Amino acid sequence: MIVRTRFAPSPTGYMHVGNLRTALYAYLLARKHGGTFILRIEDTDQEREVAGAVDIIYSTLRQTGLLWDEGPDKGGPCGPYVQSERKPIYRQHADMLVDGGHAYYCFCDKERLDLMRKRQEAEGKQPKYDGHCRTLPRVEREKLIAAGKPWVIRQRIPDGGTTTFKDEVFGEITVENDTLDDNVLLKSDGLPTYNFANVVDDHLMGISHVIRGMEYLSSSPKYNLLYTAFGWDIPKYVHCPPVMRDAQRKLSKRDGDASYQDFIDKGYLNEAVMNYLALLGWSPGTDREKFTLAELAEVFDITGISKSPAIFDPVKLAWLNGEYLRALTPEEFTAKALPFIKQAVKREDVAFSTIAAVLHQRTEKLSDIPPQLDFIDTLPDYSPEMFIHKKSKTTFESSLASLKAAREALDTIPEGGWDHATLHAALMGLVEKLGVKNAIVLWPVRVALSGKEFTPGGGIEIAHIIGRNETLSRLERGISLLEGAIRKQ
RNA sequence: GACCCCUUCGUCUAGUGGUCAGGACGCUGGCCUCUCACGUCGGUAACGGGGGUUCGAAUCCCCCAGGGGUCGCCA
C-alpha cells in the first residue's frame, strides 16, 4: 500500500504543540512506510486570515525536521496545495454532488437560520437544518440564482438508516443518520467549508491515512457519506486524542505555553520537545523513552496511539530536556548556553568556558541559567553565619584560618597562571598541608567567593571564573566579615 | 440536552483471561560529594464503582459514575 499522509493546518499565526504532534505522527507514518508527506494549507476562512501565518508553519516544520515532500512551495502532482487556490475544484465537485442528488442549493439567510435554531432550542430539540430548501424545484432554484440571491450548497444526509465507519485507533463506530445535519459544503463566498474541502482534497491528493485531531471524529460519518456519494475509496482514519493542560482543559494558546516557539524561547531543545511530544499519547510498546526523529520513524506504529486525552506534563519535558542538554558535548552546550549566560553576566573578564562547564550538569532548560549566575558580577551581601556548615564542622575560627591560608596560597599565583589546574593544585595542596577535610578549606572559600549557600560549581571553579583580582578581594571581604563575627561573640 | 468516544500509580504509559500489575517523570531514603546538581542503589503509589461470564478477570459482556468531543456559511 502506498502511504500518503498530510498535515493540513489552517494559518492561525502560531504552532500549537497539539497540532505539531499530529503533524509528527503524519510525518512518521509516511517515513515509516517510505511514503509521502504532504503539506496543505487550509485557508478557506477568509475572515481569520493572519498575515505571516504560513511562514510560521514553514519555519516550524523546518526547525523540527518535519520536511514535506509536496506542498505549496515545493509543488507536486496534486497541486495547488493551498485551498484558496483550488476554488474551481470544489465548485465542480459540489455540482457533481448536486447532480447526483447528494447535495442541494440552499438560499436560507442568516436571519432565518438563527430564528430556526432559536425555535428548536426553545422546543428542546437539537439545532439542525430543517430542510427548507431540500425540495426546491430546479426552476425555482435557477430563478433565485438569476435574481442574484446568495446561496450555499448543503450536503443531503440520507433519511433514516445508519452510517458506519472505521477509525484505526477507535475501531468501528456507527451512528444514526438522523443525528447528522445537512451541513454547508460550499459557502456563499464560493469557498468550501472544512467539511467539504478535506474530503475532496484528501481524495484528489491520494491521501491514504487521514491523521487529525479527535474533534473531527463525530463528523467523520458525514465525510464517509461524501466519499460514498462520489464513489471514492475511503481512506484510513486516524483520530488523535487531544493534548490537555489538566483533566478538564485543553492546552490552549491562552495559557502561554501551547506554542512550539514558546518552548524554544524558554530554552527547550527542539529534539527534546519533539521526543516528548511523540511519547505524549503514543507508546512504542517498549520501555525506551529517548528517540531521535529518525529513530521514531523506524518504530512508529498507529497501534501505539492511545484513546484517551493526555495531560501535558512540563516537569517531565524539563527532565527530558535536561537529558538532552547533558548529552551535548561541552562545546555544543557552551554555544547554546552562552546567550543565557550573558543575560546574567555583563563582565567580560570571566572564564565563560568554566561557567558553561559548571552549568552543564545542572541545567534542565536554558532559561534556568541566569538566576544561577547572579553572584558573578557582584558579590551579594551575606551573613557570616553562612560560613558555618554543620555537616562539615566548619566554624568561624576554622573558616577564618582557611580563608587566610587560601589568600596566602592564591596570592602567589600570577595572573597568567590563573587556570583551573593551578587553582586546584593550590587549594588541594592547602588541604593536604593543613591535614584537614576538603570542606574545611573549600566550604568557606566557596561562600566567600559567592556569598551564596548554593552555587553551580565549587570554590575552585568559582575562583577560576571570577578571576584573580575578584577572588582575592572577595577573600579579603570574607576575612573581615569573619573577624567581625568573632569579635562579637 | 442529544449523539459519539474515553477511564491502569499524582502525570505519561506497558499490559489484549493466569504477571508479586512492569517502566518513566515526580516525591522520598541511602551512597557519592567543598554547596547545589549529576550519577548510583532503594522506597512510595494505580486497574473509577457495581453486576455478570469463567476454575480464573486490568483484560470479555451489561449498568452506573466521571471526563472528553460534536451539535456554525470555524477549522
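Below, chain A is the first sequence line, B the second, and so on; all start at residue 1. Quantities reported herein were computed from a predicted structural model and do not represent experimental measurements. Keep in mind that the numbers below use all heavy atoms, side chains included, and drop hydrogens, waters and symmetry copies.
- Residue N195(A) has its side chain nearest to rA75(B) when only rA2(B), rG67(B), rA75(B) are considered.
- Taking atom OH on Y104(A) and atom P on rC73(B), their separation rounds to 11 Å, with Å as the unit.
- Judged by distance alone, the side chain of N19(A) and the main-chain N or O of M15(A) form no donor-acceptor pair under 3.5 Å.
- Taking atom C1' on both nucleotides, rG15(B) is separated from rA24(B) by 16 Å, rounded to a whole Å.
- Y237(A) places its OH atom 22 Å from the P atom of rG69(B), with the value rounded to the nearest Å.
- An OP1 or OP2 oxygen of rG39(B) is reached within less than 4.0 angstrom by a side-chain nitrogen or oxygen of R326(A).
- The separation of rU19(B) from rU35(B), taken at their C1' atoms, amounts to 45 Å, rounded to a whole angstrom.
- Within the 4.0 angstrom heavy-atom criterion, no nucleotide atom of any strand lies near D181(A).
- A cation-pi geometry, defined here as NZ or CZ lying under 6.0 Å from the six-membered ring centre and within 45° of its normal, does not hold between R245(A) and F312(A).
- Computed from coordinates, the K393(A) NZ to rU35(B) C1' distance equals 17 Å when rounded to whole Å.
- Nearest nucleotide to the M214(A) side chain, out of rG1(B), rC73(B), rG69(B): rG69(B).
- Here K290(A) does not pair with E271(A) in a salt bridge; the nearest charged N to carboxylate O distance is not below 4.0 Å.
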Distances under 3.5 Å only, N/O to N/O: pair up the protein atoms with those of nucleotides 19-26 of chain B.
{"unit_1": "rA24(B)", "atom_1": "O4'", "unit_2": "E289(A)", "atom_2": "OE1", "d": "3.2"}
{"unit_1": "rA24(B)", "atom_1": "O2'", "unit_2": "E289(A)", "atom_2": "OE1", "d": "2.4"}
{"unit_1": "rA24(B)", "atom_1": "O2'", "unit_2": "K316(A)", "atom_2": "NZ", "d": "3.1"}
{"unit_1": "rA24(B)", "atom_1": "N3", "unit_2": "K316(A)", "atom_2": "NZ", "d": "3.1"}

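- No side-chain donor from either of N224(A) and T163(A) sits under 3.5 Å from a side-chain acceptor of the other.
- When the nucleotides rC5(B), rC3(B), rC34(B) are ranked by their closest atom to the side chain of V175(A), rC3(B) comes out on top.
- The residue G457(A) sits close to a base: some heavy atom pair falls under 4.0 Å.
- Distance from the side chain of T179(A) is smallest for rC3(B) among the nucleotides rC3(B), rU35(B), rG68(B).
- In this structure, L423(A) and L410(A) have side chains that are in contact, with non-hydrogen atoms separated by less than 4.5 Å.
- Side chain S188(A) to base rC73(B): a donor-acceptor pair is found below 3.5 Å.
- Among the heavy atoms of the strands lying under 4.0 Å from G459(A) is at least one base atom, whether or not backbone atoms are also near.
- Residue contacts shown for R117(A) are limited to sugar-phosphate atoms, with no base heavy atom under 4.0 Å away.
- A donor-acceptor contact closer than 3.5 angstrom links the side chains of Q83(A) and D201(A).
- Nucleotides rC34(B) and rU28(B), compared at atom P, are 24 Å apart to the nearest Å.
- Remark: the backbone N or O of A272(A) is not paired with any side-chain donor or acceptor of N321(A) at under 3.5 angstrom.
- A centroid separation of 6.0 Å or more is found between the aromatic rings of F333(A) and Y324(A).
- Comparing W282(A) and R362(A) against RNA chain B, the residue whose closest nucleotide sits nearer the 5' end is W282(A).
- Contact between the side-chain N/O atoms of K128(A) and the OP1/OP2 oxygens of rG72(B) is not found at any separation under 4.0 Å.
- OP1 or OP2 of rC74(B) sits under 4.0 Å from a side-chain N or O of K187(A).
- Atom CD in Q83(A) sits roughly 13 Å away from atom P in rC74(B) (whole-Å rounding).
- Within the nucleic acid shown, S283(A) comes within 4.0 Å of sugar-phosphate atoms alone, with no base atom in reach, counting heavy atoms only.
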Walk me through whether R112(A) and D109(A) qualify under salt bridge (Lys or Arg N to Asp or Glu O under 4.0 Å). CA-CA 6 Å; R112(A) 199 190 96 75; D109(A) 55 27; over 6 Å; no
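- One can place CE of M244(A) at 14 Å from P of rU7(B), the figure rounded to the nearest angstrom.
- Of the listed nucleotides (rU35(B), rC5(B), rA75(B)), rU35(B) has the atom at the smallest distance from the side chain of T455(A).
- When Watson-Crick and G-U wobble pairs are counted only if both distances are under 3.5 Å, rG39(B) pairs with rC31(B).
- The side chain of L442(A) approaches rC34(B) more closely than any other nucleotide in the set rU35(B), rA75(B), rC34(B).
- Comparing the C1' positions of rG42(B) and rA57(B) gives a spacing of 32 Å, expressed to the nearest Å.
- Looking at the side chain of W443(A), the nearest of the listed nucleotides rU35(B), rU11(B), rA75(B) is rU35(B).
- With RNA chain B read from its 5' end, the first of the two nearest nucleotides for F170(A) and A310(A) is the one closest to F170(A).
- Across all strands, S450(A) comes closer than 4.0 Å to no nucleic acid atom at all (heavy-atom distances).
- Whole-Å rounding puts the R245(A) CZ to rG68(B) C1' distance at 17 Å.
- rC55(B) and rG50(B) have their P atoms separated by 22 Å, given to the nearest Å.
- Note on T286(A): nothing from the nucleic acid sits closer than 4.0 angstrom, heavy atoms only.
- Contact between the side-chain N/O atoms of S306(A) and the OP1/OP2 oxygens of rU13(B) is found at a separation under 4.0 Å.
- Distance check on atom P: rG26(B) versus rC12(B) gives 15 Å, rounded to whole Å.
- L185(A) places its CG atom 12 Å from the P atom of rC73(B), with the value rounded to the nearest Å.
- No contact: Y276(A) has no heavy atom under 4.0 Å from any strand.
- Contact of K391(A) with rU33(B) (side chain to base): a donor-acceptor pair of N or O atoms is detected under 3.5 Å.
- In this model, the phosphate group of rA75(B) is approached by a side-chain N or O of T44(A) to a distance below 4.0 Å at OP1 or OP2.
- Among the protein residues, E121(A) comes within range of no part of the nucleic acid, since none of its heavy atoms lies under 4.0 Å from any strand.
- Heavy atoms of L191(A) sit nowhere under 4.0 angstrom from any nucleic acid atom.
- Atom CG in D246(A) sits roughly 18 Å away from atom P in rG66(B) (whole-Å rounding).
- Residue R446(A) has its side chain nearest to rC34(B) when only rC4(B), rC34(B), rA75(B) are considered.
- With hydrogens and angles disregarded, no donor-acceptor distance shorter than 3.5 Å links the side chain of T162(A) to the backbone of E176(A).
- Comparing the C1' positions of rU59(B) and rU8(B) gives an interatomic distance of 11 Å, to the nearest angstrom.
- Comparing rG48(B) with rG10(B), their P atoms are spaced 11 Å from each other, to the whole Å.
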With salt bridge (Lys or Arg N to Asp or Glu O under 4.0 Å) as the criterion, how do E408(A) and K404(A) come out once you've worked through the C-alpha distance, each side chain's angles and the decisive distance to 0.1 Å? CA-CA 6 Å; E408(A) 199 175 314; K404(A) 283 181 168 171; over 6 Å; no
